[in-house]
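Structure record follows, encoded as C-alpha cells.
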Amino acid sequence: PDSFPWRLNYPMDFYLEDMGEYRFGDTTITTVLTPGHTEGCMSFLIPVTDEGEPHLLALWGGTSLLPSSDPEVYKNSVLRFSDICREKGVDGEIASHPFFDSTIERLNLVNNIAEGVPNPFIIGTENCVKYLAKYYRMAEEEIAKRKAVVEQYRRRLEGAAGIVLCKPQKDVTPNYAYFPVVFDGY
C-alpha cells in the first residue's frame, strides 16, 4: 500500500486480511489482525497433528511493546485473540520469538520424545488462554510504567518557563503512548 514507508521491489500476490484463510498445500492457516505491537500486526491459527491427532496452534504476533506501541490497543487485541482461541478450541501455542516461551528447550524435548509422551507445545485451550494473559499483563505493566514517567515529568516540568503541559481532559482515558508536552514557539 501507499502508506508503507518503503517500496517493495517485487509484486505482491495478496495482503493478509483479518480472519483470512490461506491455503499452503494441505494446510489452511487463519490470520487474525492483532494491532497494538504495530498497526498491522498479525497473529495466526495453525493446524498441526501430533501422533496422528489434530490440534490447533496459536502464534501471537506481537511479542513485545515498542515505544510507539499503543498498550490499550494491544490489550484489546490480546482479549480478542484469546476469545477467538477459546472459540476455535486452540490447544497449543508457539511464540514468534523462541526466547519468550522456551521454544528451543521444547523443540529439544520434541526431538527426543518417546511415543506417548505429551507434546510440550500442546497445552490445552485454557492453558493457551493463560499463556496469552501474560501479554495482557505485560501491556498493563507498560501502561503503569508510562504513567509513572508522565507523572514524573509533570512534576518536574510544571511551571517551567517555555513549557506548556497539556491538561488532563475530563472523560478521556490516556493511553500513555506519547508524552503530552508542547514547547512554546513550536
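We're numbering straight along the sequence, starting at 1.
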**Study point:** Within-4.5 Å side-chain heavy-atom neighbours: Ile84 and Thr30
**Key:** no
Practice item. Decide if atom CD of Glu17 counts as having more than 12 heavy atoms of other residues, nucleotides or ligands within a radius under 6.0 Å. Key: no
Exercise for review: Nearest 0.5 Å please: distance from the CD atom of Glu115 over to the CD atom of Glu51.
Suggested key: 5.5 Å
Point to revise | ILVMFWY cluster, Tyr74 and Phe100 together (side-chain gap under 4.5 Å) | key: yes
Check your understanding: Charged N to carboxylate O under 4.0 angstrom, Glu93 versus Lys130?
Key -> no
Practice item. Report the relative orientation of the aromatic rings in Trp60 and Phe81; use parallel for angles under 30°, tilted for 30 to 60°, perpendicular for over 60°. Key: tilted
Check your understanding: Under the 3.5 angstrom rule, does the side chain of Ser43 hit a backbone N or O of Gly61 as a donor-acceptor pair?
Key -> yes
Practice item. Starting at CD of Glu141, measure out to CG of Leu65 and round the result to the nearest 0.5 Å. Key: 10.0 Å
Review point. Going through the distances and angles, do Glu151 and Arg154 end up as a salt bridge (charged side-chain N to carboxylate O under 4.0 Å, His left out)?
Key: CA-CA 5 Å; Glu151 290 169 358; Arg154 279 196 180 282; over 6 Å; no
Review point. What is the distance from atom CG of Leu56 to atom OG1 of Thr49, rounded to the nearest 0.5 Å?
Key: 12.5 Å
Check your understanding: If only atom types and distance count, is the side chain of Arg137 paired as donor or acceptor with the main-chain N or O of Ala139 below 3.5 Å?
Key -> no
Review point. Is Leu45 close to Cys85 at the side-chain level, that is, under 4.5 Å between some pair of heavy atoms?
Key: yes
Point to revise | Under 3.5 Å: donor-acceptor pair, side chain of Ser77, backbone of Pro35 | key: yes
Point to revise | Over 12 non-hydrogen atoms of neighbours within 6.0 angstrom of CZ in Arg23 | key: yes
Check your understanding: Is the shortest heavy-atom distance from the side chain of Val32 to the side chain of Met19 under 4.5 Å?
Key -> yes
Review point. If two hydrophobic side chains count as joined below 4.5 Å and joins carry through other members, does Ile143 share a cluster with Leu79?
Key: no
Revision key, fill the gap. Tracing side-chain contacts under 4.5 Å among Ile, Leu, Val, Met, Phe, Trp and Tyr outward from Met42 reaches Phe14, Leu16, Tyr22, Phe24, Ile29, Leu33, Phe44, Ile46, Val48, Leu57, Leu59, Ile94, Leu107, Val110, Phe121, Ile122
Point to revise | Reported CD-to-CG distance for the pair Glu142 and Leu66, which is rounded to 0.5 angstrom | key: 9.5 Å
**Study point:** Donor-acceptor contact present, side-chain Thr31 to main-chain Asp18, <3.5 Å
**Key:** no
